[in-house]
Amino acid sequence: MSTISSAHADIIWAEVEHGFYVGSRSGEFLGYIDVETETQHIVCDMYSQPVGEYASLSEAMLALEALHLSPEGAITVA
């Protein structure tokens, strides 16, 4: 397993198998990216719901990170 640095220091990306990346922050699962082809990266949230499709891995990572850094994607714990 390899890890990739994020633009946001608190988010960690791990390639758990070839073409499958998992994002986490402080041990909390954020979602994943499934690389279908070199230009097709499927992003799914923490509930495995599709969020979007992106042309590059970096675009896909930024999209999932933005979801968790924006008020719309804010996670609240009761």
Side-chain angles (χ1 to χ4, degrees):
M1 178 171 67
S2 62
T3 59
I4 298 172
S5 298
S6 167
H8 303 93
D10 60 339
I11 296 177
I12 298 171
W13 286 97
E15 185 177 21
V16 295
E17 65 178 56
H18 182 71
F20 192 82
Y21 297 83
V22 173
S24 64
R25 178 176 51 208
S26 301
E28 179 182 343
F29 176 65
L30 300 179
Y32 64 88
I33 299 167
D34 189 7
V35 180
E36 295 291 320
T37 67
E38 192 173 306
T39 59
Q40 184 183 24
H41 301 75
I42 310 296
V43 177
C44 293
D45 66 13
M46 67 177 67
Y47 304 108
S48 298
Q49 297 300 309
V51 173
E53 186 177 312
Y54 299 87
S56 72
L57 181 59
S58 59
E59 288 175 331
M61 287 177 170
L62 287 173
L64 190 57
E65 291 172 8
L67 180 65
H68 290 281
L69 296 173
S70 69
E72 295 81 20
I75 301 168
T76 56
V77 179

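Computed over heavy atoms, backbone and side chain alike; hydrogens, waters and symmetry mates excluded. Predicted model, so just to flag it, every value in this text is computed and none were measured.
Taking all atoms of both residues into account, the shortest heavy-atom contact from C44 to V51 is C-CG2, 4.0 Å. Between H41 and E38, the shortest heavy-atom contact is CE1-O, 3.1 Å.
Taken to the nearest 0.5 Å, the CD atom of E59 stands 11.0 Å off from the CD1 atom of I33. With rounding to the nearest 0.5 angstrom, the CG atom of L62 is 12.5 Å from the CG atom of L67. The distance from the CZ atom of R25 to the CD1 atom of I12 is 11.5 Å, given to the nearest 0.5 Å.
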For M46 and E28: C-alpha separation, side-chain torsions, deciding distance, then whether side-chain contact (heavy atoms from CB on, under 4.5 Å) applies.
CA-CA 9 Å; M46 67 177 67; E28 179 182 343; 4.2 Å; yes
I'd like to know whether W13 forms a side-chain contact (heavy atoms from CB on, under 4.5 Å) with L64, so could you lay out the CA-CA distance, the side-chain angles of the two residues, the decisive distance to 0.1 Å, and finally the verdict.
CA-CA 11 Å; W13 286 97; L64 190 57; 3.4 Å; yes
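Every residue was checked against the side-chain hydrogen bond (donor to acceptor under 3.5 Å, both in side chains) condition with S24, not counting sequence neighbours, and none meets it. Y54 pairs by the ring-ring contact (aromatic ring centres under 6.0 Å, His included) definition with nothing, not counting sequence neighbours. Among residues two or more places apart in sequence or in another chain, the side-chain contact (heavy atoms from CB on, under 4.5 Å) test is passed with Q40 by E36, T37, I42, E53.
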